[in-house]
Amino acid sequence: MRTKNVKIAQMIIAIIFVVAIAYFIAGIVMDKKTGPLKAQRRFDTFMMETSTLAAKYEPGTIEFNSEFTHLVSTYPNDFSYLRLDVNNMRLYEYPVDGAASSDLVVNDFSGSTNTLLGNTLMVTAMVYTLNASSIYQYAKIAFGLILLGTIIAVILLLILHVQHTSPTYRRYKPDDDLVIEDETDSDSDDESMESDEEPMEADEAELILSTEEHTNVLADAPVEDDEFDPIGAMEEENREAAEELAQEFIDASDGPIHSQLRLEKDLQKELDNAEANNSDVSVLIITINAFREDSAAAKAINLVLTERIGKQGNIYGYNDGYAIFIRNTVLDTALAAAQSLYGIIDRILQQNEIKTKISAGISARSERTISASRLITEAEQAALHTDDENPIIAFRVNPERYRQYMQSKQNA
């Protein structure tokens, strides 16, 4: 969606630039086309005013010179050359060294009239067919349009920069709101990921929980018998809470958003199938503070999730939010999907004027033999480690170290 918006904005900016250039060129062409007629009208008006002035004051007198100088000043950008002769004697000339303008932008005109004392006054002029002030006006408006397009481009870049530095922790194919890769052919999938997605940057990788930096969270870290195991404790708490609340939930098996009670059972079946087919399953826990299931925003989110996930996964109401598992999806692809869903949910809440915190935790089977309850707990643990700057966290695990850890627990 973000790329689609960028393309629309780019198109608008490009149109603004094209309109600005077209306006400037069209204005000059039109002035050039109508210029000769306008130049003739301006000279005729000037000649008529000069004739009136010559009939009132004899050319050469102080009164005529003063009034004629004022008359010429009312045509500041019209004449390339202007000369007055009385009985073939030079009375006025501008510029004094004669006309030097190109014939491409000026037309020659001349006219004569009788003066107050019966002398012959000859007016010779070269009038611009393309007015310099008009060119300036066209250029000023075109520049304003180009400046507007530039400002829009800068604002767009700032918005995209904020969006990129906020919840974007894994680059994904931007044209798809939800990117889900089929893992049945691992070789082709690897090639697809390399061609469609950029590799993770170092600062992005630091936002993902790692086995080295968060040993108290990851299941593959060594845990002594006398140490507290947060993963195991949360599993036990989940089982006890499910048993206590069993009578309070209604099985919504016919609806697209399933009951929380079905999650563990359905996920376990999916994990068993994934292990048999050597494929992956990712779990996404989305938490929305103070979430009301009967609100208009909730209904809109339910509809969007159903459309985006479709038959590729299952959606469950889960505490203050949702739990989603997606079939044939590796952790990195689930991160891309989480980013897309995060943006959609955030827009829906903003449209409904709901200000609240959204967080998402992600975990995946990642070639492990793992129980549904533990995979859910890993996603919950990841969600617990989110904050305002990092609202999406993935629980990344080393499959080999995980197997070693589980083997050590069985042998203990």
Side-chain angles (χ1 to χ4, degrees), residues 13-152:
I13 295 170
I15 290 174
I16 291 175
F17 275 78
V18 171
V19 168
I21 296 174
Y23 173 81
F24 178 73
I25 296 176
I28 294 178
V29 171
M30 290 297 297
D31 273 10
K32 181 63 177 175
K33 183 178 181 180
T34 61
L37 179 59
K38 290 181 179 180
Q40 179 69 59
R41 290 175 179 174
R42 290 198 300 274
F43 178 78
D44 290 345
T45 302
F46 178 79
M47 189 65 204
M48 182 179 64
E49 292 175 339
T50 302
S51 298
T52 302
L53 186 61
K56 186 176 180 180
Y57 304 108
E58 179 65 23
T61 63
I62 297 176
E63 292 83 359
F64 179 87
N65 292 343
S66 176
E67 292 293 331
F68 183 77
T69 300
H70 174 71
L71 175 62
V72 172
S73 68
T74 61
Y75 294 82
N77 301 306
D78 292 290
F79 296 109
S80 169
Y81 176 73
L82 180 63
R83 188 182 76 229
L84 260 66
D85 295 308
V86 178
N87 296 333
N88 296 323
M89 293 180 61
R90 188 72 45 85
L91 180 66
Y92 176 89
E93 184 179 29
Y94 171 83
V96 293
D97 57 348
S101 298
S102 171
D103 293 339
L104 295 176
V105 294
V106 296
N107 277 7
D108 297 335
F109 298 96
S110 62
S112 62
T113 184
N114 293 326
T115 67
L116 178 64
L117 300 180
N119 296 315
T120 301
L121 176 67
M122 176 67 68
V123 179
T124 304
M126 298 178 68
V127 184
Y128 285 113
T129 57
L130 190 60
N131 197 300
S133 61
S134 297
I135 297 176
Y136 171 75
Q137 289 298 325
Y138 293 137
K140 184 170 68 173
I141 295 175
F143 175 79
L145 291 174
I146 292 174
L147 179 62
L148 175 62
T150 303
I151 293 174
I152 292 176

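Only heavy atoms go into these numbers, but all of them, side chains included; no hydrogens, no water, no symmetry mates.
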Drop me the distance from [X]'s [atom1] to [Y]'s [atom2], to the nearest 0.5 angstrom.
X: L71; Y: L53; atom1: CG; atom2: CG; result: 7.0 Å
X: R90; Y: D85; atom1: CZ; atom2: CG; result: 5.0 Å
X: L148; Y: F17; atom1: CG; atom2: CZ; result: 9.0 Å
X: N119; Y: N87; atom1: CG; atom2: CG; result: 4.0 Å
X: L82; Y: T50; atom1: CG; atom2: OG1; result: 7.5 Å
X: L145; Y: T150; atom1: CG; atom2: OG1; result: 10.5 Å

Smallest separation among heavy atoms of [X] and [Y], with atom names:
X: G149; Y: I13; value: O-CG2, 3.9 Å
X: V127; Y: A39; value: CG1-CB, 3.7 Å
X: V106; Y: T129; value: N-OG1, 3.9 Å
X: S80; Y: P95; value: O-CD, 3.5 Å

Sequence neighbours excluded, which residues qualify as side chain to side chain contact (heavy atoms under 4.5 Å, CB included) partners of [X]?
X: V29; result: I25
X: K33; result: none
X: T124; result: R83, S110, M122
X: I151; result: L147, I155

All pairs passing salt bridge (Lys or Arg N to Asp or Glu O under 4.0 Å) where residues 43-69 contributes a residue, at least two apart: none
By side-chain hydrogen bond (donor to acceptor under 3.5 Å, both in side chains), which residues pair with T113, not counting sequence neighbours?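 Listed in chain order: S51.
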For Y92, ring-ring contact (aromatic ring centres under 6.0 Å, His included) partners two or more places apart: F68
Please enumerate all residues that pass ring-ring contact (aromatic ring centres under 6.0 Å, His included) together with Y75, with sequence neighbours excluded.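 With neighbours one apart ignored, the set is F46, F79.
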Sequence neighbours excluded, which residues qualify as salt bridge (Lys or Arg N to Asp or Glu O under 4.0 Å) partners of D78?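 D78: salt bridge (Lys or Arg N to Asp or Glu O under 4.0 Å) contacts with R42.
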What ring-ring contact (aromatic ring centres under 6.0 Å, His included) pairs are there with at least one residue in residues 23-44, not counting sequence neighbours?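 Residue pairs passing ring-ring contact (aromatic ring centres under 6.0 Å, His included), neighbours aside: Y23-Y138, F43-F109.
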Check: [Y] and [X] side chains under 4.5 Å, non-hydrogen atoms:
X: L116; Y: Y57; answer: no
X: T120; Y: N114; answer: yes
X: V123; Y: L84; answer: yes

Might you confirm whether atom CG of L117 has over 12 heavy atoms from other residues, nucleotides or ligands at distances under 6.0 Å?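 Atom CG in L117 is crowded, with more than 12 foreign heavy atoms closer than 6.0 Å.
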